[in-house]
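Below: the structure, in structure tokens.
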There are 2 protein chains.
Amino acid sequence: MGLTSFDLSPEDVPTHWYNILPDLPEEVPPPLDPETGKPVDPRKLVRLFARALVEQEVSKERYIEIPLEVRKALIEFGRRPTPLFRAVNLERYLSTPAEIYFKYEGVTPTGSHKINTALAQAYYNKVEGVERLVTETGAGQWGSALAAAGAYFGLKVRVYMTRSSYKQKPYRRTLMELFGAEVYPSPSDRTSVGRRFLKEDPEHPGSLGIAISEAIEDVLSDEKARYSLGSVLNHVLMHQTVIGLEAKKQLDEAGVYPDIMIGAVGGGSNFAGFTYPFVYDRLKGSSNTRFIAVEPKASPSMTRGVYTYDYGDTGRLTPLLKMHTVGHEYKVPPIHAAGLRYHGVAPTLSILVNHGIVEPIAYHQTEVFAAAALFTRLEGIVPAPESAHAVKAAIDIALKAKEEGKRLVIAFNLSGHGFLDLQGYREYLDGLLDDYEPETLPIYKRLGRANA
Amino acid sequence: MGLTSFDLSPEDVPTHWYNILPDLPEEVPPPLDPETGKPVDPRKLVRLFARALVEQEVSKERYIEIPLEVRKALIEFGRRPTPLFRAVNLERYLSTPAEIYFKYEGVTPTGSHKINTALAQAYYNKVEGVERLVTETGAGQWGSALAAAGAYFGLKVRVYMTRSSYKQKPYRRTLMELFGAEVYPSPSDRTSVGRRFLKEDPEHPGSLGIAISEAIEDVLSDEKARYSLGSVLNHVLMHQTVIGLEAKKQLDEAGVYPDIMIGAVGGGSNFAGFTYPFVYDRLKGSSNTRFIAVEPKASPSMTRGVYTYDYGDTGRLTPLLKMHTVGHEYKVPPIHAAGLRYHGVAPTLSILVNHGIVEPIAYHQTEVFAAAALFTRLEGIVPAPESAHAVKAAIDIALKAKEEGKRLVIAFNLSGHGFLDLQGYREYLDGLLDDYEPETLPIYKRLGRANA
């Protein structure tokens, strides 16, 4: 039988992250201060984030060395390198001439790629004397990764979890608490923002916007605390490039170079981590790989949004970033892929979309779950609902390759497993999933433009 | 940094299973027919099990070739070989001179070792023209493994799931249904046994005993159906030796040979799969490895039970096996390690216990969860409650080694992950776990002996 798994040794875990900033076709516009409307003062940022991370955010170095302690953590705790598999059972079922490969990040401690940046962020904060990291979480994938990283580096972690998730998703909360994190339902009575919303409604379901506001207020009230973000920013995306750098070696071992690469996009970190090392090749003219970014139709920032400055949160506390956005006022419908429920995407990714280097597409969740269920039966791995968006695109492209008789090499990132998301699969099996597609997007109203 | 993960290539997946029967210090007493009390007629067994499996059950060949299709399935679908890790973070935390290694079976499709025998059993049944496999399941780990194997080999799978689990553990059921299996709450109205119990109580919570009876009745009413068992029998344990055979290569790669090997025991399949290839070395006199079999105090078949003939099920439908048992009438308390809730253990394992080659110990679930929570924080892997029993023993032995200043090599089998068992961890964190220890064991009453 041919090889179907391409494993690396721990020594193959990258020694450097790849930073796309020096290679982008244009500069990333600076973040704007929400109070002044002018480029944000870095001194304000270091009150929120570790200094090293603020520096990485704007660094023009192409390769940034991974500190030995972080690389060690990625190996001894993060269980890197992660495997790359060829989906032979899926290929056979589809009778496609395409070869389908997938990188699998589900073997990490919390079952998704999020641990890659969580470990790096915890390390830099620890080195700078920070004692506590604070963040917000919806479904809990990011919160559990940061909790795990805090446990590893001996940092306290506090997570504001939207109250509806806190109640409905007790298992992710349990995971965070197992790693020693404090988890509070948001809105909470710990912050003035939280108390304001609780006063309005003692059973307020919360939102990511409120949770971000609480996390930031918490950080600003404690000199020894810093805030931690799981996507969108350049340093976060850069930490994820270990995925793509490993995949490059593994695809090389398989004797192929991808014609098409696919990743799901919420804020953009798993997509960027997987593809940017290959985007580099295309930007340098040494490849023609197509890059497909998949988003939900319920949150269509790349396919229907506007490229403009917008807040990172609903509460308008964060700096404004220039990005593809449907508007921070948008209430993202309750699709199961909670990690994709975000109104914008990373500024670097937005530029690549503008230049036609990354091609966005969007799907409804029912067709995504159908693809994921097929993948589970054939390949034995239950994809997280987020990652399932990439699975759906891979299947569609493989079927098109069959029609056209093309022997393409397709590679996608299976960014996490779905063992903690079986409620979504239950609803899929019972035919209870709802599909959502907004008629109007808040950003058009705000800009006074016609809707997309 | 030193190596902490010892990976194999797919070509290192074993080509043969190791069968312990020819090497045991005494013969396994024959199974007895429940109707006649005499050794069971093999023709009766082939109505229940595939012929090849009945042959393997009594084979005296030391190495049995793994069919190419099964080996391919283990690799391309079962994601073998599985990793072996050194638990350096745990070692550091305990400041023990012992080295602690663990084999990790949680990367397989359904998150436990059960897939190893499920794939083999599905294959042999498929080859013999069987169209449908029927089994019972409690928590659903075995049911989901068989469902996955059925999906891979194109066999229908029907699972009778105890009604209490069916209601309380919807996620394992979802996993089985994702793999295309039919899952019925037991007692069901599909069998006369089931209808009898439903008549007594329409909301009957069910038991494994009733579910086995339903599965067997189902098989006997359909020529094209066969029954499938997930532990206890020799062929099942033998299929699991891929774990130990891989671990042998990996420990060799690490440059060590284990002084102590540890596994949890329900029916005995993960313990046997991990240790029997090493037990062979000891039986041949080439090693002095100690083998520690860990069971729950709530179900103390090895530490407090009797070595005698007993039924495999509560309903007295199966042949009688000579084994360590607390009595088939024993109602195993509702501990979270549902895979260890069995009244007996495998006959081959019972013989090794009798000869002092395997040393049994027992723990309460609260101390087991405490060890598992510590392991999670340090090593980033959430153990299944069953596997957590091995974690607890490994920690205790490593601490004893510290006291005694001994540089032992400890190896245990982490037979599955606990992502689908977070309810147990929730109760542990909330201080809600109950410990159980039976005062009287039914087997003593039956035999008219004083209790242990």
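In what follows, every chain begins at residue 1, and chains take the letters A, B, ... in the order their sequences are listed.
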Requested in this report: Name the member of B:Tyr425, B:Tyr152, B:Tyr171 that forms the most heavy-atom pairs with chain A at distances under 4.5 Å.
Outcome: B:Tyr171
**Report entry** Interface moiety of B:Leu378 toward chain A, non-hydrogen atoms closer than 4.5 Å
**Finding:** backbone
Requested in this report: Count the heavy atoms belonging to other residues, nucleotides or ligands that lie under 6.0 Å from NZ of A:Lys249, then report whether that count exceeds 12.
Outcome: yes
Query raised in the report: Do the side chains of A:Ile381 and B:Pro109 get nearer than 4.5 Å, heavy atoms only?
Result: no
Report task. Determine the option with the most heavy-atom pairs under 4.5 angstrom with chain A, choosing from B:Val107, B:Asn89, B:Leu178, B:Val382. Result -> B:Leu178
Report task. Please look at B:Leu8 and chain A and tell me whether the side chain, the backbone, both or neither of the residue comes under 4.5 angstrom of a heavy atom of that chain. Result -> backbone
Requested in this report: Select one option (side chain, backbone, both, neither) describing which atoms of A:Leu420 are under 4.5 Å from chain B's heavy atoms.
Outcome: side chain
Query raised in the report: Does any heavy atom of chain A fall under 4.5 Å from the side chain of B:Ala148, the backbone, both, or neither of them?
Result: neither
Query raised in the report: In terms of heavy-atom pairs under 4.5 Å with chain A, which of B:Arg172, B:Glu11, B:Arg86, B:Arg92 leads?
Result: B:Arg92
Query raised in the report: Can you tell me how far CD1 of A:Ile75 sits from OG of B:Ser5, rounded to the nearest 0.5 angstrom?
Result: 8.0 Å
Query raised in the report: Is any side-chain heavy atom of B:Pro10 less than 4.5 Å from a side-chain heavy atom of A:Leu3?
Result: yes
Query - Charged N-O contact under 4.0 Å between A:Arg426 and B:Glu177 - result: yes
Query raised in the report: Which atoms of B:Leu429 come close to chain A, meaning under 4.5 Å heavy atom to heavy atom: side chain ones, backbone ones, both, or neither?
Result: side chain
Report summary line: Closest heavy-atom pair, A:Arg377 versus B:Gly180, reported as atoms and distance to 0.1 Å, is CD-N, 4.4 Å
**Report entry** Over-ring placement of A:Arg79 relative to B:Phe85, 6.0 Å and 45° cut-offs
**Finding:** yes
**Report entry** Inter-residue atom distance B:Leu175.CG - A:Phe419.CZ, 0.5 Å rounding
**Finding:** 6.0 Å
